[in-house]
Amino acid sequence: MKEPKKFIYIINYPTFEEELCMLEMRSIFNTEPRDKVLISDIDFNPSYSTFIKSRLEILHEEEDFEDILNKLEKDTITLDDFRLEFIKALKADVPYNERFRYLSEIGDRIMGIPDIKSPKLVLALGKYNEKWFFGIHEKNDNVWITHEKKPCSYSNSLSVRVAKSVVNIAANGNKNTKIIDPCCGVGTTIVEGLSMGYEIWGTEISEKNTNNAKRNLGFFNLDPRVTHQDMHTIKENYDSSIVDIPYGLFSHITKDQQQDIIDTARRISKKMILITFEDLDYMVEKSGFKIVDRCAVTKGSFKRYILVCE
Ligand SMILES: C[S@@+](CC[C@H](N)C(=O)[O-])C[C@H]1O[C@@H](n2cnc3c(N)ncnc32)[C@H](O)[C@@H]1O
């Protein structure tokens, strides 16, 4: 029987997003990274999280380097256009000249012609917690950075990083999750969700924001799945909603209207990710949702709360 796949994810985050990273990792992998390394049998595309820098799909895992060589001799790899590298981010204390020697010993056991500049596959060696790992190394393609420049922005928009993260949290990394962003503004979460292959839709009460969301989606060749609609008229049911709640500083919204938005999210979705600038726990509880996880993103005097409610 074929052994299940196993992966090493290499994680990094700015300090102010540490809590968000941990919440996203708990949501996708049911565990948190230790020393910015996470080992899991869950197969998650490393380009789908801003916090995953790269991923090693483990082919061989051994206490001794010699045993990696033995395995490579036993199951010969025949491959063209590959590159071999050492994963420094695993922070093992292996001096440069030794790394070089290990890689050339591995290279001697791979049949094929390497291509250092534009390889089709990157194979890598790393050492972590006194164990050697060899496998396929895939870096984050960072395509999401291009989403930072949208034709239409909005003072109130989520950052691409937070939008991507809340979509992963809403879906627990599961592509079949049906997600709604009922107050989607200029469509920041819809752009991130659709570009990662999630089933996500948006509604927006402002005609101008709806048109801008459609323009943003069109700009990235994504389906303009946003309707100009008051969320309270939504009839469909969803697995998850993402509610970036309108806030007094930016919109004319009363506490009762905020409560109505949370109540409607409860009616249309089994789970809600609530993004707020202030403590709205009491509104969540009043709606019948329970807060099951949470984090805060603090940058200077600016604090956003992200609540996972079920
Ligand atoms: C905080 S903004 C969302 C920003 C959005 N996350 C983005 O990145 O562009 C809240 C949005 O909710 C919309 N809104 C307020 N009440 C609504 C309702 N009843 N139905 C749908 N949208 C509503 C507002 O027009 C506003 O665009």
Side-chain angles (χ1 to χ4, degrees), residues 17 20 50 144-171 179-196 198 200-220 222 224-238 240-269 272-280 283-284 287 296-297 299 302-309:
E17 281 178 356
L20 179 63
T50 63
W144 56 271
I145 292 174
T146 61
H147 300 167
E148 275 165 6
K149 286 209 168 65
K150 293 187 178 62
C152 308
S153 59
Y154 178 45
S155 59
N156 220 356
S157 299
L158 293 175
S159 71
V160 171
R161 298 174 65 84
V162 170
K164 220 170 163 58
S165 200
V166 291
V167 175
N168 284 327
I169 295 165
I179 314 168
I180 178 87
D181 181 340
C183 298
C184 74
V186 296
T188 322
T189 61
I190 318 295
V191 168
E192 294 320 306
L194 289 180
S195 55
M196 293 190 280
Y198 284 108
I200 185 166
W201 289 264
T203 56
E204 171 54 56
I205 205 165
S206 140
E207 190 168 12
K208 185 175 170 218
N209 287 352
T210 310
N211 291 337
N212 286 344
K214 287 185 177 170
R215 232 183 114 198
N216 284 339
L217 286 157
F219 182 77
F220 296 111
L222 297 165
R225 287 184 182 198
V226 171
T227 44
H228 176 214
Q229 185 180 357
D230 180 338
M231 71 175 285
H232 301 304
T233 66
I234 296 176
K235 296 214 164 49
E236 288 270 321
N237 284 298
Y238 297 83
S240 278
S241 58
I242 298 170
V243 179
D244 180 14
I245 202 142
Y247 179 61
L249 255 184
F250 302 105
S251 345
H252 297 289
I253 186 142
T254 64
K255 292 282 168 216
D256 284 347
Q257 285 169 319
Q258 286 182 324
Q259 182 71 59
D260 288 345
I261 286 175
I262 295 172
D263 289 347
T264 294
R266 171 85 177 141
R267 175 178 64 75
I268 62 172
S269 59
M272 169 181 72
I273 310 304
L274 182 69
I275 304 146
T276 79
F277 281 101
E278 57 187 338
D279 183 350
L280 296 185
M283 289 195 188
V284 173
S287 74
V297 181
K299 205 174 181 187
F302 183 82
K303 192 166 190 174
R304 255 190 172 128
Y305 300 94
I306 297 172
L307 309 184
V308 182
C309 315

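One-based numbering, in listed order, for ligands and for the atoms of each.
For S157, the side chain to side chain contact (heavy atoms under 4.5 Å, CB included) criterion is met by Y154, V186, T188, not counting sequence neighbours. In this structure, E204 has no salt bridge (Lys or Arg N to Asp or Glu O under 4.0 Å) partners at least two apart in sequence or on a different chain. In terms of the side chain to side chain contact (heavy atoms under 4.5 Å, CB included) criterion, residue partners of F220 (sequence neighbours excluded) are, by chain and number, H147, K150, V191, L222.
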When you check ligand 1 against the protein, what N or O pairs turn up below 3.5 Å? List the atom names and distances, or just say none.
unit_1: ligand 1; atom_1: 6 (N); unit_2: D244; atom_2: OD2; d: 2.7
unit_1: ligand 1; atom_1: 8 (O); unit_2: L158; atom_2: N; d: 2.9
unit_1: ligand 1; atom_1: 8 (O); unit_2: T188; atom_2: OG1; d: 2.6
unit_1: ligand 1; atom_1: 9 (O); unit_2: V186; atom_2: N; d: 3.0
unit_1: ligand 1; atom_1: 9 (O); unit_2: T188; atom_2: OG1; d: 3.4
unit_1: ligand 1; atom_1: 19 (N); unit_2: D230; atom_2: OD1; d: 3.1
unit_1: ligand 1; atom_1: 20 (N); unit_2: M231; atom_2: N; d: 2.9
unit_1: ligand 1; atom_1: 22 (N); unit_2: I205; atom_2: N; d: 3.1
unit_1: ligand 1; atom_1: 25 (O); unit_2: E204; atom_2: OE2; d: 2.5
unit_1: ligand 1; atom_1: 27 (O); unit_2: Y154; atom_2: OH; d: 3.4
unit_1: ligand 1; atom_1: 27 (O); unit_2: E204; atom_2: OE1; d: 2.8
unit_1: ligand 1; atom_1: 27 (O); unit_2: E204; atom_2: OE2; d: 3.2
unit_1: ligand 1; atom_1: 27 (O); unit_2: N209; atom_2: ND2; d: 2.9

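Results of the side-chain contact (heavy atoms from CB on, under 4.5 Å) test with I179 over V167, I273, T189 single out V167 as the only residue that passes.
Across all non-hydrogen atoms, the minimal contact from I242 to A170 is CG1-CB, 3.9 Å.
Within the model, atoms NZ of K303 and CG of D279 stand 10.0 Å from one another, a figure rounded to the nearest 0.5 Å.
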